[in-house]
Amino acid sequence: MPELPEVETIANNLRNGSGDQPSLIGCEIRRAHLLWERTLAEPTIDEFTKRVVGQVIQAIGRRGKFMYFNLTKDTLLVHLRMSGDVWIEPIIATWGEHYRLMLELSEGMRLVFSDTRKFGRVWLTEKPDLILGHLGPEPLDDAFTVQKLFEGLQRRHRQLKPLLLDQTFIAGLGNIYTDEALHLAGIHPLTISETLTIEQAERLWFSIRNVLQAGIQRNGTSIDWVYRGGDYQNYLRVYGRAGEPCKECGTPIERMLVGQRGTHFCPQCQLNPSYQD
DNA sequence: CACGAGACCTGTTCGC
DNA sequence: TGCGAACAGGTCTCGT
């Protein structure tokens, strides 16, 4: 499920509480229950259990597509990859078939990491920067300017679609929001980065921030069984709409493979200046 | 450096 | 209806 807006939504709900769910801030971790070993990237399960128990959750946030929990001593990092989800619920004797990690908390609640496809990972570390340090800029930060984006585009010679998915270039974009941003900007996914004009870079900058902010405002995108609660899927311009008319010009949306990812675009609104076809 | 293919996994949908 | 192929919000690693 998880791109920046979905991770942001989950992290916000855990931090602030939502509906009947309390905030996790101030909760102490009492027990750890790992149900799929490979979910834990580091440290070993023995050391994880020994270290995590007794620590208190002091802050919760997001960096790129990572969720972080600042504990008394360590940082707990969670990456949901394709099918992960995190929530809290009362402690009961049973658990769901896709649960991979449960952390029992004070107040009779447990923090659940559920992940059908088992791609998700959890780290417990004193030095989160070793894992987060390679990430590119946060697209919604003030520090992420048109000029920064333009310089980055100039420095590389890459197709835009895979470049925008590259987390060292910008942190947080995934397949959905990349396609959405490129369509909003009116730029073809195969355009070579260094050929963008400053005007195009500005439109791309605006579009990236616009679709991410809209996604957050709508609590993320809910497709299939994976992530629920958001409704940005009702506002998608191109993703998952192959064959349907472009909302700008009526031309059927096309789908192609770019770097093995389904890529959706309007052949009319997103002309490719690098090729003629 | 840039790119494609294959791995890692399970579940749903599509096409014949 | 049934069965295999294609596909899915991600990223890593290897070969060219």
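Residue numbers begin at 1 in each chain, while the letters A, B, ... track the order of the sequences.
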[X] has an atom [atom1]; how far is it from atom [atom2] of [N], in whole Å?
X: A/Asp166; N: C/dG10; atom1: CG; atom2: C1'; result: 12 Å
X: A/Ile223; N: B/dT12; atom1: CD1; atom2: P; result: 16 Å
X: A/Leu164; N: B/dA2; atom1: CG; atom2: P; result: 14 Å
X: A/Leu160; N: B/dA2; atom1: CG; atom2: P; result: 13 Å
X: A/Asp224; N: B/dG11; atom1: CG; atom2: P; result: 14 Å
X: A/Leu80; N: C/dG10; atom1: CG; atom2: P; result: 11 Å
X: A/Arg38; N: B/dC8; atom1: CZ; atom2: P; result: 8 Å
X: A/Met256; N: B/dC3; atom1: CE; atom2: P; result: 13 Å

Closest approach to the side chain of [X], judged atom by atom: which nucleotide of [options] is it?
X: A/Gln159; options: B/dC3, C/dT11, B/dG6; answer: B/dC3
X: A/Arg255; options: C/dC7, B/dG6, C/dT11; answer: C/dC7
X: A/Lys118; options: B/dA5, B/dC9, B/dA2; answer: B/dC9

Centroid-centroid distance, [X] to [Y], less than 6.0 Å:
X: A/Phe69; Y: A/Trp123; answer: no
X: A/Trp205; Y: A/Phe150; answer: no
X: A/Trp95; Y: A/His33; answer: yes

Which heavy atom of A/Gln58 sits nearest to which heavy atom of A/Leu71, and what is that distance?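 Closest pair (atom of A/Gln58, atom of A/Leu71, distance): OE1-O, 3.6 Å.
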Nearest non-hydrogen partners of A/Asn175 and A/Lys161, listed with the distance: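 Answer, listing the atom of A/Asn175 first, then A/Lys161: OD1-NZ, 2.6 Å.
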Would you kindly compare A/Trp36 and A/Pro162 by the position of their nearest DNA chain B nucleotide and give the one closer to the 5′ end?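 Closer to the 5' end of DNA chain B: A/Pro162.
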Using the closest heavy atom to pick a nucleotide of DNA chain B for each, name whichever of A/Arg158 or A/Arg100 lands nearer the 5' end.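 Going by which nucleotide is closer to the 5' end, it is A/Arg158.
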Please tell me if A/His79 has a side-chain N or O lying less than 4.0 Å from either OP1 or OP2 of C/dT11.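 A/His79 to C/dT11 OP1/OP2: side-chain N or O found under 4.0 Å.
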Using only side-chain N and O atoms of A/His98, determine if any of them is under 4.0 Å from OP1 or OP2 of B/dC9.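 No, A/His98 has no side-chain N/O under 4.0 Å of OP1/OP2 on B/dC9.
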Write down the distance separating the P atoms in B/dC9 and C/dG2, rounded off to the nearest Å.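 The same atom, P, in both gives a distance of 31 Å.
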Pairwise P distance, C/dT11 and B/dG11 [rounded to whole Å]: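 Between the two P atoms, the distance is 22 Å.
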Is the shortest heavy-atom distance from the side chain of A/Asp179 to the side chain of A/Pro189 under 4.5 Å?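 Side chain of A/Asp179 against side chain of A/Pro189, heavy atoms only: no contact under 4.5 Å found.
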Suppose we define a pair by two distances each less than 3.5 Å, Watson-Crick or G-U wobble; what does B/dC8 pair with here?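 Paired with B/dC8, as far as the under-3.5 Å criterion goes, is C/dG10.
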Ring stacking, A/Phe119 with base of B/dC9, under 5.5 Å and under 30°?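 Ring-base stacking flag not set for A/Phe119 and B/dC9.
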Give one of base, sugar-phosphate or nothing for A/Gln167, where a contact means two heavy atoms less than 4.0 Å apart.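 A/Gln167: backbone/sugar contact only, no base atoms under 4.0 Å.
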Quick one: does A/Arg117 reach the base of C/dA8 with a side-chain donor-acceptor pair under 3.5 Å?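 It does, because a donor-acceptor pair links the side chain of A/Arg117 to the base of C/dA8 below 3.5 Å.
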